[in-house]
Every structure is written in structure tokens, then in C-alpha cells.
There are 2 protein chains.
Amino acid sequence: MLYAGFMSAALPPFPKPQETAGPPELLQVGTGTEEEPCLRADAARNRARLLEAAARLVAEHGAAGVTMEAVAAAASVGKGTVFRRFGDRTGLLMALLDHSEKKFQAALLGGPPPLGPGAPPVERLRAFGCAMLRRSIDEMDLQLAAEPSAERRYTSAPRRFLRGHVALLLRQAVPDGDSELLSHTLLAYLDAALVHHLTEQCGVPPARLQAGWLDLVARVTRTEHPA
Amino acid sequence: MLYAGFMSAALPPFPKPQETAGPPELLQVGTGTEEEPCLRADAARNRARLLEAAARLVAEHGAAGVTMEAVAAAASVGKGTVFRRFGDRTGLLMALLDHSEKKFQAALLGGPPPLGPGAPPVERLRAFGCAMLRRSIDEMDLQLAAEPSAERRYTSAPRRFLRGHVALLLRQAVPDGDSELLSHTLLAYLDAALVHHLTEQCGVPPARLQAGWLDLVARVTRTEHPA
DNA sequence: AAATTAAACGGACCTCGGTCCGGATCCTTT
DNA sequence: AAAGGATCCGGACCGAGGTCCGTTTAATTT
């Protein structure tokens, strides 16, 4: 069931939808946060409305134009409802990325190689990076806008999943070595903000970024470059 | 003259102190933004007051307690003055780190080896990372609070300086290889937010972080581990 | 079908970062 | 020393994120 929507639990009075804990140091894939735990009818309807409205606003005015009040108004819903459902602005933006996220996770877990299982780990790492780069470039504005504050940046469910995946591959490809730490390093190269900076502000062409990834993987795994 | 205060120019009506451009792709060290261009007497006095007040607030309530209004009040100064001088909250916080920053830069440029010049590049890289880790751990709250928004994260003068330094060492240590991109990767490992996450939220001991750095440098430069 | 209760709703309200501009203040010029 | 002009000051103002709580509504029980 993949990881299934990273924040959507319905909690007592108002407290923001927290992370449903999960195992403290999960190395498994599927970060287990359960799907919407049976939203009430009206709640589900409003949630859908809000997502639709938010998506429309993004399409029209870019991610920067997605104001919590604007979304609420566009969905004919109270402001409080938006926060109740998504916790905060970041949560709403992440929910917008959820679909793409789930598809990507599915490809990693069960898709065809080399992205999915079946190929040797180093090859899967290469493919992973290239796919991530594409994704980052495509959904740039949203990815940037959805970035959590510094304290939570590394604890979001999608991030944890990706890191777990990379760490898994690294454990196979680099048995000697701190896969946990190395996985952070590799993921950092694919960070949306960095990719944005390099491509938009420094004019680095995507091909160079991709070559850089292949080179980085080769160095970290101490392998040779692919042909 | 190092890089000398990353933002402090006095500009016409109000526009925020911008980056004074600088060469588009400077690979030199000393990122040239000139010192306070002769602040008016009252302006200089207020600037000092503000920094002092801000430092006191940090000491008392942590970086989170540094509110622009609070700083203004504590310095007996108008709110607008704070913004005029420092541009925005990030600018104020960065100014607080400026002293430590300059000292660090001096150590890199002219201090004793292996941090300063005189040691082989790989050794300097190792020392650089260890020093950065210490710094990150010491000034954690401030570093986190001073982090710019995603769009500007990679364009701040201190960041550019550090990246230039690492890229310089990498060009010597790894002539074959995209030093620009690799320098981003190495710096990412030392990112304050990541260090915070690992040490505070994951309980990773600093020694492991340091070992991870040495290992990373070894892999990236394709050298052996030090004894 | 009425009563009950847990959950959801909505919008007033608060805080804080950031902007504006009329007026005060400091340097220069003569 | 007086005037003139550039710079700076201050605090009212605005927008947006986030919270609170009295009210409404959907599920459940009897």
C-alpha cells in the first residue's frame, strides 16, 4: 500500500495532523501512515474541493499564488477547514504532489527495472537519480513551495521513503560504508532547491546535472563510470 | 579583506540591501561586497544597538524569540529601521553570524594548515568538514533560523564563499570531475539543517558524523581513508 | 425517528514579517 | 552659520499563516 498519503489523520480538537509516529528507525519501504481513516462525508467532499481549487490556483497563478484564504474561498469553504485538513500550507502543497509521489513510489517498488527491482543496485541508483532530476525539473515551483521548514525537512513521509530506498540500495552496493549518511548525501544532490538554483540561476543544463549524478554514484559506490 | 559583511549597503528609498552583484561566476575567494559604505552617524549607532539587542534576545529566548518588533523595541528604535538596515529577518540573523563567519573565512584563507593553505587539498577538505561540523553544532539554532528561503539559499555571500573554497580544493584534488557540482554535494553533507536532524532527531553522535565526512571525502576524491 | 455524541465547520482573531511615507536628522555647501 | 538636500527614522498599515471556539452536521444508538 505504499505509504498512502502522508498526513490526513483526523485528530481531536484541532492539533495539526501529526506524523502517526511509525517505527523509530524504519528501514523498510512503505512508511506506514494509513490512508484517510474514514473521513466523514462532508469532510471528504471538502477535501476534494480544496485540492481541486488549489490545483486550479497553481495552474493559474503559480504556487506562489496559493494562499490559504484564496484556496478556502475558491472552494467555498471556511479557512479553518483548510488548516484542519492539511495542517498547514506545506501540508496542502504536499498533498498536491501526493499523486505524483505515489506513482513514483510504485515505480520504485514494483515497476520495471532499472528503476524498479530486478536490476543491480548501482544501476538502480543511476536510474533513480535521473528520474528524480526529471521530476524535480517538472514540478519545480510546487516542490520549492512545498518545502517544509528546516526542522521538519527531513521527517516528511515522502522524504523518509526516498531516503529509505536509497539507503537500501546503498547497503547492497556499498556494504562497507555508512549507508544512512551516504543516502542523505546522495539525496541532497537531487534536492529541488539545488536543482532550481543550478538550472535556473546558474544556467547549468540538465545533461550536465545528470552526468554529475552518474559520476557521483560512481564515486560514492567506488565503481567505474558506465559507458 | 575577506568578504566583509554580506549585506549592509545603504540604498535609496527602501529596497532591500541587494547582493551588489559581483562577478557572475566568481571562483576567487573574497566575495567582494564592500563594508558599510560610510553609514550616517545615527544609522551606525542604531545598527550597533540593533545587533546588540538581537544578540541579547537570542541569548535569552533562543533564535525563535527574535522577532523584528521585539528587536526594534529592545533597541529603542522603529521597526522600519530594522528592515532598512538588514533587509529582512534572515539578514538580521546572518549579521549576527557575521563575526564567526569572518573568523572562519580568515582561518581558511590565511590560518595554519591543515585548515589554511599549506596542506595537501584532500587534507584541507577533511579539516574543513570537521570545522564546519563543529560550527554547525555550536551555532545550531542561529544557523537554522538564519537559513534563507529556498530560492536564495545558494546565493548568500557566505554560502558562495564556502562553495568557492570547496570547489577550489576539489579542482586540485579531483582534476577529472565536475568540481562545481561536487562542491555542492560536499557542502550539503555539512548543511546545518541536516546536522540538526541527525544529531538532535536521530541521535547520531558527532563522532559518526565526522567519520562519515572523512569517508565521503575519500570516496569523492577516490583516495584511501586516512589512518 | 428522536436523541446523542463525536467530528467538522467557519470566520473572527492574533501574530509577525514586510512596506510606505510624512517628518526629523545629519552632512554639505556657500 | 544658514540653507539645502540626501539620508534616515518611526510607526501606522497590510497581507498571510495559523488558532480558537461557538455552532452545525453527519453518523450512531435506542
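When reading the values below, keep in mind they use all heavy atoms of this one structure, side chains included, and skip hydrogens, waters and symmetry mates. Note on naming: letters A, B, ... go to the chains in the order of the sequence lines (proteins, then strands), and numbering restarts at 1 for each one.
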(request) Find the distance A:M68:CE to C:dT15:P and express it as a whole number of Å. (result) 20 Å
(request) When you get a sec, tell me which of C:dT19, D:dG18, C:dA8 is the closest nucleotide to the side chain of A:F83? (result) D:dG18
(request) Kindly say if A:N46 contacts the phosphate of C:dC9, meaning a side-chain N or O under 4.0 Å from OP1 or OP2. (result) yes
(message) Does a side-chain N or O of B:R84 approach OP1 or OP2 of C:dG18 to a distance below 4.0 Å, or not?
(response) no
(message) Can you see if the side chain of A:R40 gets near the phosphate of D:dA26 - specifically, an N or O under 4.0 Å from OP1 or OP2?
(response) no
(message) Heavy-atom nearest nucleotide on DNA chain C for B:R89 versus B:R45: which residue maps closer to 5'?
(response) B:R89
(message) From C-beta outward on B:K79, which listed nucleotide comes closest to its side chain: C:dC9, C:dG17, D:dC9?
(response) C:dG17
(message) Just the rounded figure in Å: distance from C1' of C:dG23 to CG of B:D42.
(response) 14 Å
(request) Please report, rounded to the nearest Å, how far the P atom of D:dT19 is from the CZ atom of A:F86. (result) 16 Å
(request) Considering just the side-chain nitrogens and oxygens of B:R85, establish if one lies under 4.0 Å of OP1 or OP2 belonging to D:dC9. (result) yes
(request) Using distance alone, with no hydrogens and no angle criterion, decide if B:E151 and B:S149 have a side-chain donor and acceptor under 3.5 Å apart. (result) yes
(message) Can you tell me which residue among B:K102, B:E139, B:R135 is in a side-chain contact (heavy atoms from CB on, under 4.5 Å) with B:L97?
(response) B:E139
(message) Could you tell me how far apart B:L92 (CG) and C:dC16 (P) are, to the nearest whole angstrom?
(response) 15 Å
(request) Map B:T67 and B:A41 onto DNA chain C by nearest heavy atom, then report which one ends up closer to the 5' terminus. (result) B:T67
(request) State whether a side-chain donor-acceptor pair under 3.5 Å links A:H196 with A:E200. (result) no
(message) In whole Å, I'd like the distance from the CG atom of A:L50 to the P atom of C:dG10.
(response) 9 Å
(request) Kindly indicate whether the side chain of A:Y189, heavy atoms from C-beta on, has any atom under 4.5 Å from the side chain of B:L181. (result) yes
(message) So, does B:T81 get its side chain near the phosphate of D:dC8, meaning an N or O under 4.0 Å from OP1 or OP2?
(response) no
(request) Return the value, rounded to whole Å, for the distance between atom CD of A:E69 and atom C1' of D:dC14. (result) 12 Å
(message) Whole angstroms only, please: what is the CZ-C1' distance between A:R49 and C:dA8?
(response) 14 Å
(request) Check whether any side-chain heavy atom of B:E180 sits under 4.5 Å from a side-chain heavy atom of B:R171, and report yes or no. (result) yes
(message) Can you measure A:D88 atom CG to C:dT15 atom P for me and round it to whole angstrom units?
(response) 20 Å
